[in-house]
*Asks:* 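Provided herewith is a single structure, encoded as structure tokens, for subsequent inquiry.
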Amino acid sequence: MLNFVGLFKNYSAELQRFLRRRGAAQDVAADLTQETFLRLMVAERKNKLTTLPQNQKAYLFRVAANLQIDWARSQKLNPLGGDPAVISEAFADPAPLADEILITTELMLILEQALAEVPDIPRQIYLMRLDGKTFAEIAQVLQMPLQTVYSQMSRVMMHLQYRLCAAETGQGERCQ
Amino acid sequence: MTSEPYDGKGSQWDFDAEQALDPVMRKAIEWFTLLSDGQASDEAVLAHQCWLMAAPEHAQAYNKAQTLWSGVRQIHALQKTPK
């Protein structure tokens with residue numbers, strides 16, 4: 001497994017500057033940099049790469065440069081001339097923001113019932129999180145290892161998500 | 001309040017968390033949990049970015065986790081700490 005975190009830390013800023021010097025706008029440079037790392041991950045997943053070629057940096061920059069050429073070409077072919085993402089946004093309905101979701105009584109009941117099934121300790125953790133405590137603070141109060149607090153919080157969320165999904169779809173297993 | 005580490009054993013509860021949810025959704029919830037209190041390391045944040053970019057289903061599942069959390073926060077705000 002390549003160390004993506006290390007590579008990203010070491011090279012993302014430099015890659016963006018490189019692309020900007022080659023004429024890319026700030027946002028395009030940022031997108032192409034992300035795309036470069038994405039390509040790298042896909043290539044690794046397909047087992048084409050177990051280690052980066054000898055000169056890691058040159059490899060990254062070559063991928064980024066190729067992506068920029070492709071991008072410039074796609075701009076010329078695009079009759080509206082703009083960023084494809086911007087164009088599709090103009091036609092799409094605005095998606096509702098997560099924060100604007102209205103809680104229905106039904107949803108509230110499902111979640112309340114689901115929470116009632118959660119054992120005491122994980123429920124305490126969950127309620128403390130809702131009150132804005134950090135995981136470190138919760139670990140301190142409950143005298144628990146931090147890892148346990150994380151995993152118990154995750155399990156509460158999984159349980160709630162499962163109950164929600166099962167209520168929505170009427171299906172029991174492999175709920176999303 | 002107890003100081004015993006909680007072992008997570010319990011029939012229905014155990015089954016739900018371990019078996020019933022799709023593995024990508026479980027992973028998304030684990031990521032969401034790790035990042036939700038704003039205390040995660042830079043490394044964790046970057047690793048999360050890599051995970052999000054690795055497949056479209058990852059981002060979809062992560063959105064669901066965020067939606068769930070904002071939902072329960074709204075409920076919590078409405079009810080003021082259910083006991």
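Sequence lines set the chain letters: A, B, ... in the order given, protein chains first and strands last, and positions in each chain run from 1. This one's a predicted model, so the numbers in the text were calculated from it and none came from an experiment.
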*Asks:* In terms of heavy-atom proximity below 4.5 Å to chain B, should Gln34(A) be classed as side chain, backbone, both, or neither?
*Replies:* both

*Asks:* Given heavy-atom pairs under 4.5 angstrom as the criterion, report whether the side chain, backbone, both or neither of Ala28(B) touches chain A.
*Replies:* neither

*Asks:* For Arg17(A), is there an ion pair with Glu14(A) - N to carboxylate O distance below 4.0 angstrom?
*Replies:*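 Result for this pair is no, no salt bridge flagged.
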
*Asks:* With a 4.5 angstrom heavy-atom cut-off, which part of Gln49(B) approaches chain A: side chain, backbone, both or neither?
*Replies:* side chain

*Asks:* Could you give the side-chain donor-acceptor pairs of residues 41-48 of chain B under 3.5 Å, partners two or more places apart or in another chain?
*Replies:*
| residue | atom | partner | partner atom | Å |
| --- | --- | --- | --- | --- |
| Ser41(B) | OG | Ala44(B) | N | 3.1 |
| Glu43(B) | OE2 | Lys9(A) | NZ | 3.2 |

*Asks:* Would you kindly confirm whether Val141(A) and Phe135(A) end up in one hydrophobic cluster when ILVMFWY residues are joined by side chain heavy atoms under 4.5 Å apart?
*Replies:*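 Looking at the clustering, Phe135(A) is in the same group as Val141(A).
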
*Asks:* Is Arg129(A) close to chain B through its backbone or its side chain, or both, or neither, when contacts mean heavy atoms under 4.5 Å?
*Replies:* both

*Asks:* Run the side chain to side chain donor-acceptor pair (under 3.5 Å) test against Thr36(A) and tell me which residues pass, sequence neighbours left out.
*Replies:*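 Testing Thr36(A) for side chain to side chain donor-acceptor pair (under 3.5 Å), a comparison that skips the adjacent residues, returns none.
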
